[in-house]
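Input: a single structure, listed below in structure tokens.
Quick note on labels: first sequence line is chain A, next is B, and so on, each numbered from 1. No experiment lies behind these values; they were computed from the predicted model shown.
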Amino acid sequence: MKVHFKSLLSQLTKPNQTLPRTRILHALIIKNRLSIDPFYATRILRFYAINNDLISARNVFDKTPQRSVFLWNSIIRAYAQAHEFLDAYVLFKRLLSSETQPDNFTFACIARACADRFDVEVLRVVHGKVVAFGLGLDFICNSALVSCYSKLGLVDEASYVFSGIDEPDLVLWNAMISGYGSCGDWKKGIELFNAMQNTGIRPDGYTMVGLITALIDHNSINVGETIHAFCVKCCLALNDHVGSVLVGMYSRCKSMEFARKVFDSLVQPDIVSWSTLIAGFSQAGDHLKALEFFRKLLMTGRRADPVLLASVLTASAQLAILGPGCEIHGYAVRHECNTEVLVSSALIDMYAKCGFLELGIKVFEKMPKRNLVSYNTVISSLGLYGRARDAFQVFDEVLREGLTPDEATFAGLLCACCHSGLVNEGQDYFRMMTNEFGIEAKTEHYVHMVKLLGMDGKLEEAYDLIKSLPEPVSPGIWGALLSCCDSCKNYELLEVIARYLLENEPNNCSYSVMISNLLAGDGRWDDVKQLRVEIGGVKGKMPGVSRISDRNY
DNA sequence: TTAGGGTTAG
């Protein structure tokens, strides 16, 4: 019997167990009357949670009369990780009013759940409890709080918490550096990185990921290269997380050669590293290379996940060739992830962009669960095909489902109105967007409105709309009006706008290119020459003037 | 003589 217990115990202290093995172990524990012991109960509960069997996990919790803080924390964590926030929070409250004292891990866990749910109010309540329970200086609670405030965009509050700690440990430094990373403040990140090193603490992979993340949106390639060199020096580049952020950083700077070099230096790149590289090729405009690397990944025998599938479907959509997209669809069906929201939405977009809207709609109709992204995709797709009325119906469904439309929803609707020439409906949706939903109109929305008015012959009205916008007006919006003038052959207004733009934006080359092209389209070469003189232009200053040839000039 | 965990990537 003793041997039996020993073997059972060794199984229970292993880090992971499959669901069938967990059930056997559970049965053995019950048979040996060990289930009342919170130690055994905690182990079994965790195994169930790892295997996503929340019902069994809860059952273990409910049937254990003596609940240690380990058991409480494990069930709260199980719900939090399954994104069942309310259950996690109710249990957290129950724990607070029970005889068991919560500990630092309890608060860290529930704080993280708040951040995952973007719930600042509850996070502040949890923060208050941390202080009330005398854990205001605890490293575990505070590293979680720093990270959570940062994730919610409250980096100043994170910094306030961080500065309250006397001698932060590596995890706390990392949490704060990542916090600056998530808000893109790379200068503060580097400042902190130096301060940390001055205290004698050596950085690890987490530190570097935080720093590099801060650089990604800033195209600060020089700083990035320095950090990369530092990682290599410290042998940190071999870590998958560090590797993939480096790949992402180089991709964002369109330095695919370097991205590839980092990727090649990874011993066994994981799915995220592959995915980053593949998306990088696509972002750099090399969609064929993206698909080529996707095939290479499959040849290694690894399995693609929904994020990667969505990414390669986007590459196929950009190429507007049906073949690869269909193959990926087949792969998704075979691996039972074709109904994942992310994959389905990418499939709809791919089919629509490849000219097979109906196939996209079929995917949409078969989706068991839809979110705003999938609705937005189908609205834009219908709009592109001029099926505005159908797009409006889908929009009504969005409202019936209780979803709140966002700027992409209205961009899709306005695009639909544009393609179908529905001026009144477009104006109604524009008003609805700003007045009812409080969404600020962006360049894309104005472009559609200008096109809508312009193509209806209301060029003056479109011109007035643009002039009512605060400066600076995006070149895309002026471009929309100029091309409407061109289509309507209203060269008088075109000239008025040209003069206005040249006077107000003399240094913006893109206007002179647009205007030259349009005048050239009308065969008005003298005006083009005059324009070039006016902007002090020589040929080299106006690249890409496609409709002007040397012969005409 | 047991257990958990706070910071990272597409």
Integer-rounded Å distance: [N] [atom2] and [X] [atom1]:
X      : N      : atom1 : atom2 : answer
A:D103 : B:dG6  : CG    : P     : 11 Å
A:E340 : B:dG10 : CD    : C1'   : 15 Å
A:Q66  : B:dA3  : CD    : C1'   : 16 Å
A:R252 : B:dA9  : CZ    : P     : 13 Å
A:W173 : B:dT7  : CH2   : C1'   : 14 Å
A:I29  : B:dA3  : CD1   : P     : 14 Å
A:I278 : B:dA9  : CD1   : C1'   : 15 Å
A:I50  : B:dG5  : CD1   : C1'   : 13 Å

Is the distance from OP1 or OP2 of [N] to the nearest side-chain N or O of [X] less than 4.0 Å?
X      : N     : result
A:S147 : B:dT8 : yes
A:R46  : B:dG5 : yes
A:R112 : B:dG5 : no
A:R67  : B:dA3 : no

Applying a 4.0 Å non-hydrogen cut-off, can you work out what [X] is touching in the nucleic acid: base, sugar-phosphate, or nothing?
X      : answer
A:V307 : base
A:L308 : base
A:S74  : nothing
A:S68  : base
A:N142 : nothing
A:D305 : base
A:S143 : base

Exam field: side chain A:W173 to backbone A:P168, donor-acceptor pair closer than 3.5 Å: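 It does hold such a pair.
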
N/O donor-acceptor pair under 3.5 Å between A:N142 side chain and A:D138 backbone: yes

With the side chain of [X] defined as its heavy atoms from C-beta on, choose the nearest nucleotide among [options].
X      : options              : answer
A:R77  : B:dG6, B:dT8, B:dA3  : B:dG6
A:I271 : B:dT8, B:dG10, B:dG6 : B:dG10
A:K151 : B:dA9, B:dT8, B:dG6  : B:dT8

More than 12 heavy atoms of other groups within 6.0 Å of A:R302 CZ: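 Yes, CZ of A:R302 has more than 12 neighbouring heavy atoms, counting only those of other groups under 6.0 Å.
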
Distance-only side-chain donor-acceptor flag, A:S273 / A:D270, under 3.5 Å: yes

No-hydrogen, no-angle side-chain donor-acceptor test under 3.5 Å, A:S56 and A:N59: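 The answer is no; no qualifying pair exists.
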
hbond_proxy A:S275 side chain to B:dG10 base (donor-acceptor, 3.5 Å cutoff): yes

Donor-acceptor pair under 3.5 Å, A:D138 side chain vs B:dG6 base: no

Evaluation steps, salt bridge (Lys or Arg N to Asp or Glu O under 4.0 Å), between A:R370 and A:E401: CA-CA 10 Å; A:R370 296 164 180 164; A:E401 290 290 322; over 6 Å; no

A:F70 over B:dA3, stacked by centroid distance under 5.5 Å, angle under 30°: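 Check passed, A:F70 stacks on base of B:dA3.
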
